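Here is the structure we will look at.
All values below come from the heavy atoms of this structure, side chains included, with hydrogens, waters and symmetry mates left out. Fair warning: this is a prediction, and the values are worked out from it, not measured in the lab. Just so it is clear: chains get the letters A, B, ... in the order the sequence lines come, proteins before strands, and each one is counted from 1.
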Amino acid sequence: MESNPLKCQSVEALTEKKIIIMNTSTTKSDYLLLFRGNMWDRGLSPEQLQKVVSDWFAWFERLKEEGKCAGGHPLEKEGKIVSGKQGRTVADGPFAESKEAVGGYFYLQVGDIDEAIEIARQCPGLEYGAVVEVRPVAEICAVKQRAEELSAGRVAEATA
Amino acid sequence: MADHLFRHEAAKLVSVLTGIFGIDRLQFAEDVVQESLVRALRTWPYMGIPKNPAAWLTQTAKNLALDLIRREKLFRDKEPEIVAFLDQWPSDAAADESPMFENEIRDGRLRLMFTCCHPLIPQEAQTALALKTLCGFGVAEIAKAFLTSEAAIAKRLTRARQKIRDLQIPFKIPAGKELSSRLEGVLQTLYLLFNEGYKASSGDHLIKEELCQEAIRLGALLAEHPSGNQPRTHALVALMLLNAARLPARTDSEGNILRLKEQDRSTWNQAMIARGMLHLGESAAGEGLTPYHLQAGIAACHCAASDYESTDWSQILLLYDRLMELDDSPVVALNRAVAVANVHGPKAGIEAVEAIQNGSQLNSYYLLYAVLGEFEKQLNHFQAAIDNFRKALELTELTSEQLFLSKRLQDSEERNLRSVA
């Protein structure tokens with residue numbers, strides 16, 4: 001086994017890589033905050049709307065300044081829905097007022113999901129019925145990827 | 001962003017749009033404006049707050065209105081006219097300085113004021129509608145101010161809009177003879193709005209303060225307009241300013257009620273007092289003397305006194321005497337009795353209370369017993385004072401008033417014990 005230079009090298013490479021991966025994963029992970037519901041703000045009074053606008057803007061700015069938020073956007077209410085094989089069906093939508101509709105998102109880069117949840121809790125719309133969904137952005141696992149490359153290499157060797 | 005910017009812009013836009021769409025489409029104007037504010041909420045947090053938020057809201061409201069009008073064909077043959085008007089409506093920063101639009105906005109507001117305060121609309125619906133459309137308050141906020149349910153307020157608003165449609169109440173500033181009586185109605189509603197905010201009753205404290213501010217703001221708008229610029233309008237604005245200026249001193253930091261004697265006069269708002277005095281001066285222009293004039297005069301006497309001892313009670317009593325000639329309601333008479341006691345002593349005060357015409361109307365009014373208790377106490381009739389304070393306590397449900405009265409009661413009880421011993 002030890003005579004296999006490829007293996008030795010790869011273990012070294014793997015360990016090295018792993019440390020890097022560990023480093024990035026312990027410092028930052030990515031999360032999406034999805035702001036759901038397109039009805040909660042309808043009945044707010046002008047005074048309440050002004051307060052939520054100001055608070056929400058300040059919240060977004062602060063998160064960006066603290067390096068916890070890489071960006072975010074509102075979503076237009078209406079778009080197109082493409083479905084069917086080869087996208088045969090293109091429809092307008094979604095129009096419906098619903099609790100599920102996504103009105104906007106923040107892209108967070110924070111330590112862990114607890115921190116992301118803590119940030120979601122600060123959403124100024126919660127008081128009035130907005131719902132925030134916290135979704136971890138799936139990482140492509142570098143270890144697994146490397147292992148797959150290696151095994152592919154061995155298969156290639158064996159078949160050579 | 002300026003405080004209350006959304007509320008004030010909403011009110012302004014509703015009145016301008018109503019001018020364009022017609023008063024029967026008041027609800028449509030309100031919906032368009034609400035939607036513009038909601039759009040601001042959905043985009044500003046990300047794009048930042050525009051340099052000129054008012055212009056952004058105006059532009060959005062205009063676009064929304066144009067979209068809806070074209071798509072839904074809401075106005076049939078009136079459509080080209082309305083679209084043309086909206087198209088030429090400037091929404092950039094220059095809009096506020098454009099003289100034509102300034103007049104348009106100013107007139108729109110006054111027209112809406114006269115419409116909301118039309119005598120054919122029940123009084124309580126008038127105030128609700130004024131708060132909604134002229135001040136930009138939400139239904140929940142109005143409900144809080146009036147200590148009633150949101151459903152009740154929503155119903156009042158619907159009824160008021162219905163009345164406007166059914167009775168075809170015109171959206172215009174009345175002229176000639178009609179102006180005088182209609183102006184009276186507007187002043188009356190503003191006065192009620194102010195009192196609703198001013199009276200030390202329960203309800204959301206902040207909203208109450210805003211009611212006072214709004215009544216003053218609308219009154220000032222009215223006073224600036226050629227149709228509203230009349231002595232009695234100035235008198236009302238003066239009365240509101242001179243009373244509101246002293247609001248901060250009415251309670252201590254814990255919300256306890258303070259007597260005039262105990263108030264820290266350095267917390268009175270001098271800028272408001274100055275404005276109030278200016279309006280009071282303007283109010284003296286004509287011949288007519290209204291209750292607003294006299295009440296403003298009484299408030300001015302208090303404002304002019306640097307401490308309680310230097311209050312000109314003789315002048316105040318004189319003003320109350322004249323007020324009684326115009327309005328001999330028992331509540332005014334009770335207030336007058338306080339002035340009487342300050343000029344002629346507590347015994348004369350009690351006599352003045354006993355002489356109140358139709359005084360039985362005050363039988364369940366806690367303030368009657370609070371005032372009597374105070375007079376009796378000054379006369380060292382502690383047992384009588386105790387009885388009156390107890391009665392007053394039974395008649396109020398407000399914690400702040402109960403607390404105040406309990407202290408007066410306790411004080412009388414202690415003195416009573418000492419005098420007996």
Quiz prompt | Residue K155(B) excluded, over 12 heavy atoms near NZ under 6.0 Å | solution = no
Quiz item: How about E66(A): does its CD atom have over 12 heavy atoms from other parts shown lying under 6.0 Å from it?
Solution: yes
Practice problem: Starting at CG of L44(A), measure out to CD of E141(B) and round the result to the nearest 0.5 Å. | Solution: 9.5 Å
Exercise. Could you tell me which portion of E9(B) (side chain, backbone, both or neither) has an atom closer than 4.5 angstrom to a non-hydrogen atom of chain A?
Key: neither
Quiz item: Which value, rounded to the nearest 0.5 Å, describes the distance between F6(B) atom CZ and E47(A) atom CD?
Solution: 10.0 Å
Exercise. Please check if the side chain of Q50(A) supplies one atom and the backbone of L5(B) the other of a donor-acceptor pair under 3.5 Å.
Key: yes
Self-check item: For A10(B) against P46(A), the heavy-atom pair lying closest together
Solution: CB-CG, 4.0 Å
Self-check item: Nearest-0.5 Å distance, CG of residue N38(A) to CZ of residue R42(B)
Solution: 6.0 Å
Practice problem: Please check if atom CZ in R135(A) has more than 12 non-hydrogen atoms from other residues, nucleotides or ligands closer than 6.0 Å. | Solution: no
Practice problem: May I ask you to decide if R42(A)'s main-chain N or O and Q34(B)'s side chain share a donor-acceptor pair within less than 3.5 Å? | Solution: yes
Practice problem: Measure across L41(B) and V53(A) and return the closest heavy-atom pair with its distance rounded to 0.1 Å. | Solution: CA-CG2, 3.4 Å
Quiz item: Has the side chain of R7(B) got a donor or acceptor atom that lies under 3.5 Å from a matching backbone atom of S45(A)?
Solution: no
Quiz item: How many angstroms lie between CE in M47(B) and CZ in F57(A), if you round to the nearest 0.5 Å?
Solution: 9.5 Å
Exercise. Evaluate the side-chain proximity of F106(A) to Y46(B): yes if any heavy-atom separation is below 4.5 Å, no if none is.
Key: yes
